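Notes for the one structure printed next.
As the structure is a computational prediction, the values presented were derived from the model and not from experiment. In what follows, every chain begins at residue 1, and chains take the letters A, B, ... in the order their sequences are listed.
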There are 2 protein chains.
Amino acid sequence: MAIGYKELKADILQRIVQGYWPPGSLLPGEVELAEQHGCARATVNRAMRELADDGIVERRRKAGTRVRMAPMRQARFDIPIIRKEVEAIGATYRYALLSRDEVNVPDWLCGRLGVSRGESVLHVECMHYADHTPYQHEDRWIDISVLPAARTADFSAVGPNEWLVAAVPFSTVEMSFRSTAADRVLAAHLDCAEGAPLFQAERSTWWEEQAITFVRLTYREGYRMTTRY
Amino acid sequence: MAIGYKELKADILQRIVQGYWPPGSLLPGEVELAEQHGCARATVNRAMRELADDGIVERRRKAGTRVRMAPMRQARFDIPIIRKEVEAIGATYRYALLSRDEVNVPDWLCGRLGVSRGESVLHVECMHYADHTPYQHEDRWIDISVLPAARTADFSAVGPNEWLVAAVPFSTVEMSFRSTAADRVLAAHLDCAEGAPLFQAERSTWWEEQAITFVRLTYREGYRMTTRY
DNA sequence: AAAGTGGATATATCTAGGCAAAAGGGAAGG
DNA sequence: CCTTCCCTTTTGCCTAGATATATCCACTTT
């Protein structure tokens, strides 16, 4: 009669999927489920908590556990190292540094990085290729007052992304995705027409309330970001 | 002396972030950590398991727990119900049905829905507005052989998305995001120039290995999907 | 040298019980 | 009728102990 939390989780999910517990309905309490399945409440708790983590159910003290109304409320995307992503599709990865300058922080970046005007930042532009076709353009800004080591780092062989991953851990990340039209520079680098619709990801990274880096990644035309579950 | 699993998790993460336990290094065993912190082993286990779930550490029986070398982190996006999303920004939500036809499945959709050519599908087009400005265009296809109830559903007041959520218990979902140029129809509906770069989401939904619906959501120009973690 | 075996060990999971905290729901008072 | 306060329910979290399982490593066998 006693079962493990995985089986229990599968059981409950099965019943939800088959409509026995329709969206919005209230599930039995932990004690009751534990008695029904002949296991400890902790086991039920583990199963229910994982279902909640997966976004299947919603739990609130006193209110109980109920099936979520929306079939999918959250999606999870892996943010891989670009090299891995390219190699995963069976292509050869190549990296190229385009430019590297120490400049005054532009106004539009002040707010995002949380630095004051007039400060100096490191600006690195580079390209990532899959089998010699453009894959991604990387436009990165690093706050050198927070990360002075970046000033002496050599980005000609290894990309700033991989360098940063190895050099600094991060605590908070904000990402956003949008669609943008290729300007002249991007069109040239990504080998597409000017005005072509491109998928763009922007990421700000903080460590201990200190902004470290902001990066704008522009993917080749036609790129898709996909998730399934 | 005794602490909760959240504090413990934060403690361990802190030490990893600060380099006390560098990437690749072996962490103490659960028993040892429990003794050091004066708590039960289950508490340590919970903290460590969550760190593993978050992709910070890697755990293997007998081998112990070690800090991951390349933390391939994953982002989690909330995909809100369109009405909630609009109302969250303080705007008034409005819905409009554009068209609704029963047609032969187009070739490009056969593969995605997993239906054979010549079959009949329900095609629904509608718009979602925020304060009377276009917010999202919904282009939906429903397999009526799997979901015959859709044939008699009235989509003039409630959108197909909300109808489906209530009608279909639960499912497997595949989503993908990309950038596309506005064609004449989309430009007209979304009030933008033809060729404008638009953010597009596509979602296929299955239930018990049966494809139910495919939807293509095109957002207004300038839309951003953002997450923070 | 290569392959198989078994013990040691670290994590995975379960049990049984208890206290804490949040919050729904109703009672009491204005 | 409405608001405020309290009680009870339900999940959250912890302890302490035990079994299960995977797997590294050393040792033995072929």
Sequence neighbours excluded, the answer for salt bridge (charged side-chain N to carboxylate O under 4.0 Å, His left out) partners of B:R15 is none

Looking at residues at least two apart in the chain, or sitting in another chain, which of them share a side chain to side chain donor-acceptor pair (under 3.5 Å) with A:Y223? A:E85

Could you tell me whether the phosphate oxygens of D:dT15, OP1 or OP2, come under 4.0 Å of any side-chain nitrogen or oxygen in B:T43? yes

Can you tell me how the ring of A:H128 sits relative to the ring of A:Y95, calling it parallel under 30°, perpendicular over 60° and tilted otherwise? tilted

For A:R66 and C:dG24, what is the distance between atoms CZ and C1' respectively, to the nearest whole Å? 11 Å

Can you tell me how far C1' of C:dC14 sits from CG of A:L8, to the nearest Å? 12 Å

Does any pair with a residue in residues 18-28 of chain B pass salt bridge (Lys or Arg N to Asp or Glu O under 4.0 Å), and if so which ones, sequence neighbours excluded? none

Among the candidates D:dC13, C:dT15, D:dT15, find the nucleotide nearest to the side-chain atoms of B:K6. D:dC13

To the nearest angstrom, how far is A:L26 atom CG from C:dG24 atom C1'? 12 Å

Determine the interplanar angle of the B:W141 and B:H123 rings, folded into 0 to 90°, and report it as parallel if under 30°, tilted if 30 to 60°, perpendicular if over 60°. parallel

Would you give a per-nucleotide map of nucleotides 4-11 of chain D, 5' to 3', where B means the base has a protein non-hydrogen atom under 4.0 Å away, S means only the sugar-phosphate does, and - means neither? -----BBB

In whole angstroms, how far is the C1' atom of C:dA12 from the CD atom of A:E50? 12 Å

Separation of atom CD in B:E7 from atom P in D:dG12, rounded to whole Å: 18 Å

A:Y93/A:Y129 aromatic ring centres below 6.0 Å: no

Output the rounded distance in Å from CG (B:L33) to P (D:dT15). 14 Å

Please lay out, stage by stage, how B:E174 and B:R112 fare under the test salt bridge (Lys or Arg N to Asp or Glu O under 4.0 Å). CA-CA 10 Å; B:E174 181 178 284; B:R112 304 206 196 201; over 6 Å; no

Heavy-atom count around B:R60 CZ within 6.0 Å, excluding the residue itself: above 12? no

Name all pairs fulfilling the salt bridge (Lys or Arg N to Asp or Glu O under 4.0 Å) condition that reach into residues 130-141 of chain B, sequence neighbours left out, sorted by first residue then second. B:E138-B:R140

Base-pair map of DNA chain D as dot-bracket, where | denotes pairing with a different strand and pairs are Watson-Crick or G-U under 3.5 Å: ||||||||||||||||||||||||||||||

Gap between atoms CG and C1', on B:D53 and C:dT11 respectively (whole Å): 14 Å

Could you state the atom-to-atom distance from CD of A:E58 to P of D:dG12 in whole Å? 12 Å

